[in-house]
Number of protein chains: 4
Amino acid sequence: MSPMNTDQLEQKKQERKVQIMRAALKVFADNGIKLTKMNMIAKEAKISYGLVYHYFESKEQVLYESLEWGMERNKTKEMFDELNKKQLSALEKIKSFMMVAFKEGDTGRTGDVFRIIQHLHSSPDLPTHIHELIEQSGKVYIETLYPLFMEGQESGEIIEGNAEELLRMYLTILSGIMAEDPLFWKENTEWKVSILIRMIAA
Amino acid sequence: MSPMNTDQLEQKKQERKVQIMRAALKVFADNGIKLTKMNMIAKEAKISYGLVYHYFESKEQVLYESLEWGMERNKTKEMFDELNKKQLSALEKIKSFMMVAFKEGDTGRTGDVFRIIQHLHSSPDLPTHIHELIEQSGKVYIETLYPLFMEGQESGEIIEGNAEELLRMYLTILSGIMAEDPLFWKENTEWKVSILIRMIAA
Amino acid sequence: MSPMNTDQLEQKKQERKVQIMRAALKVFADNGIKLTKMNMIAKEAKISYGLVYHYFESKEQVLYESLEWGMERNKTKEMFDELNKKQLSALEKIKSFMMVAFKEGDTGRTGDVFRIIQHLHSSPDLPTHIHELIEQSGKVYIETLYPLFMEGQESGEIIEGNAEELLRMYLTILSGIMAEDPLFWKENTEWKVSILIRMIAA
Amino acid sequence: MSPMNTDQLEQKKQERKVQIMRAALKVFADNGIKLTKMNMIAKEAKISYGLVYHYFESKEQVLYESLEWGMERNKTKEMFDELNKKQLSALEKIKSFMMVAFKEGDTGRTGDVFRIIQHLHSSPDLPTHIHELIEQSGKVYIETLYPLFMEGQESGEIIEGNAEELLRMYLTILSGIMAEDPLFWKENTEWKVSILIRMIAA
DNA sequence: AATGAATGAGACTTCATTCAT
DNA sequence: GATGAATGAAGTCTCATTCAT
């Protein structure tokens, strides 16, 4: 009942939520939104399904907050800021970005978020605020990669043509891979990245 | 009571089945197996859901027969035989294959079948006979493209390396695109094909 | 278009109805009312299910008319009148009744009607007019057998006790047998009848 | 959190299952397998149909487990062992068996199980494991009564003839009664038993 | 007259959500 | 806080009935 208690409780509560959100991201990413049962999230988080409702209003709310949390952790922007400090060409930066973004361990969840966003593209019956979240999240990739594409074209590293269109196609392909084969990046990452880069490298 | 009568009826029945299978392929491709409701197939075919059961035993049977029918129409093999008659390099043949396979109108359904097969890869709880059908169908692409990849490598048109792995990655990317953006090939097909080809062109 | 034609048509129609009713009685008797599908009746009558609706309003109507027709053919009363002409004791008449009633060929349908009536006892959700028909039909057996039971008791052939109760139990057992094992009477009829008679024989 | 807690929960769960199985046995017995709706079981158990699925996988599983449970409670064998300790003639034992088996109160469910087994004889489209259960259960009656029939014939209490056939007919009649009139044994049990016994008593 | 194509109510089952403990 | 018991909407499939041919 001491004031400290309240804080501790609050923190514990937050930890629980994180435990659930981490599980949710994984399960949503693996199965898609509709096919993910509350059951599966609870099992992945090693709690009872009833408890999920103690921390979240609904399945939809779990999705929303998990995405929010995942994007925050995702920190694409920060990743780029980090990259920009290094002395690399535009193409090398793009390559580095892919290596970092998709070859993550347990912590990042970048891939999970990316994959969920793909699943969501094909779920037209979701509420607006979720679609907005997606929209916003998708933008991050565009906003950070577009300048690099432009830079690459100027320096002659990247093929000519409409940079925006090229970027969109590039992202479509990345999305597609993640939707198609979640384990794609697990093996031979470097080789695969280099092949993909060939598409845009002059 | 003329002999023509029976034939006509039989043909009409077959047309109805085709109407349903065409609808089913589209809806399955767009939504995945589990998320496709009989309702959706029926609505797409502009009939009542009850009627679907007049022509097919179950949802699973609709899937199976539709795939079978779609693959038959698909005729990847025939397409290649046609190609091989022409005087083209391996890379040009691969390019032609993509142009023909993915830029079809309403008739071909090649893309739908391709996408469903992708969905099915991630549905481990389907009966054996469907998985066999998929397996078999997937093989067609490999069996027809693999020799071309080899040929391309020998002639120096295609980059060095493990041809099988390269082909698998190539197919994963194609699958991913179709899963991700069904309308991908509608516009700018030629340019998109050329970009993709860059991945493997030496 | 001649007047004769009308009659012939009328007769043909009646024959068709009989064909259906005969089939219906058999299928209803074997499967019970609810579990009998229109399909099964049609197949048994070797016609399409649609045609049944040409001759009858509904499944319920098929049941009603079939029962009516079956009871008419059944002619328990006539059977007894026949028996009464012979010089037999009451017990021998009861025995004869059973032999005739249950060991019939294709024509009689006595057993079918009897069995359907049993099924109907346990179908409380049927319309009134059908229940009335049943009621009425059940009475025939009681009305014709009751005097024989009385007579048998007076002559000392049948055991003492409440004749009505004894008869009711006897009929329950007969009904039960037909519900339980439709083919019961096919074999060893005489021996089985004699065993059953032992229950009431003094 | 006391150790008792888990046990209590487990016990409560078991009680719920028993509540459902008791209801199921009654409803199955009254209506037959196919005509029994999950709804009816739920209503009889005074719960929602959804809850039934919390405790059982499917309707079929409800049937299977209910039968198993009912047979266990049934304990025909134990009943006979009890009887055999007493100094009774074979016929008297058969009589006692019937009195005990069919004049039970709420607890026994012997009659329900017996009736369901009859219904099942006429349901050829049930899975094997259920048929095996039935088979096995049916055997109990035969295995326990057959020796008594033989014994009775040797001592001259029971009429001559093929004991097996006689027993089969006897059981058919019992089954039939239970199928036909579930309340048959409620009243006048002793008298009814004595009449039935007359069939086989020398 | 005859067929069987077409429809939709109802039954089984799944699963998100609420609630008692 | 934590569990899982309880409910009911929605999806798959069956089948009586209507209707076009």
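Naming: A, B, ... by sequence-line order, numbering from 1 per chain.
- Side chains of C:Phe56 and C:Lys17 form a contact here, defined as non-hydrogen atoms less than 4.5 Å apart.
- Using Watson-Crick or G-U wobble geometry with both donor-acceptor distances under 3.5 Å, F:dA20 finds its partner in E:dT3.
- Counting distance only, with no hydrogens placed and no angle test, the side-chain atoms of B:Tyr49 and the base atoms of F:dA10 include no donor-acceptor pair under 3.5 Å.
- The interatomic distance linking A:Leu51 (CG) with F:dT3 (P) rounds to 6 Å, in whole Å.
- Note: CD (C:Glu57) to P (F:dA16) measures 17 Å, nearest angstrom.
- In this structure, CG in B:Leu63 is found 9.0 Å from OG1 in B:Thr36, a value given to the nearest 0.5 Å.
- The residue among C:Leu35 and B:Met38 whose nearest nucleotide of DNA chain F is located toward the 5' end is B:Met38.
- Put simply, CD on A:Gln19 and CD1 on A:Ile47 are 6.0 Å apart, with the number rounded to the nearest 0.5 Å.
- If you measure from atom NZ of D:Lys17 to atom P of F:dA5, you get 11 Å, rounded to the nearest angstrom.
- For a distance-only test at 3.5 Å, the side chain of B:Tyr53 fails to qualify as a donor-acceptor partner of the base of E:dA6.
- A straight line from CZ of A:Phe56 to P of F:dA2 spans 13 Å, rounded to a whole angstrom.
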B:Gln14 vs B:Glu10, side chain to side chain donor-acceptor pair (under 3.5 Å): CA-CA, chis, key distance, verdict: CA-CA 6 Å; B:Gln14 186 53 28; B:Glu10 197 52 47; over 6 Å; no
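- OP1 or OP2 of E:dA1 sits under 4.0 Å from a side-chain N or O of C:His54.
- Distances shown here put every side-chain N or O of D:Lys37 at or beyond 4.0 Å from the OP1 or OP2 atom of E:dA11.
- Toward the 5' end of DNA chain F, the nearer of the two residues D:Gly50 and C:Ser58, judged by each one's closest nucleotide, is D:Gly50.
- Atom-to-atom, CD1 of A:Ile20 to P of F:dA2 comes out at 9 Å; the value is rounded to the nearest Å.
- Per the geometry, CZ belonging to B:Arg16 stands 13 Å off C1' belonging to E:dG4, to the nearest Å.
- Take the nearest nucleotide of DNA chain E for C:Lys34 and for C:Lys46: the residue whose nucleotide is more 5' is C:Lys46.
- Counting distance only, with no hydrogens placed and no angle test, the side-chain atoms of A:Tyr55 and the base atoms of F:dA2 include no donor-acceptor pair under 3.5 Å.
- Each of A:Glu60 and B:Lys13 was assigned the nucleotide of DNA chain E with the nearest heavy atom; the assignment lying further toward the 5' end belongs to B:Lys13.
- Set against E:dT7, F:dT7, F:dG4, the side chain of B:Ile47 has E:dT7 as its closest nucleotide.
- Between atom OG of residue A:Ser66 and atom CD1 of residue A:Ile116 there is a gap of 7.0 Å, rounded to the nearest 0.5 Å.
- Atom CD in D:Glu15 sits roughly 13 Å away from atom P in F:dA5 (whole-Å rounding).
- The separation between B:Ile33 atom CD1 and F:dT12 atom P is 13 Å, rounded to whole Å.
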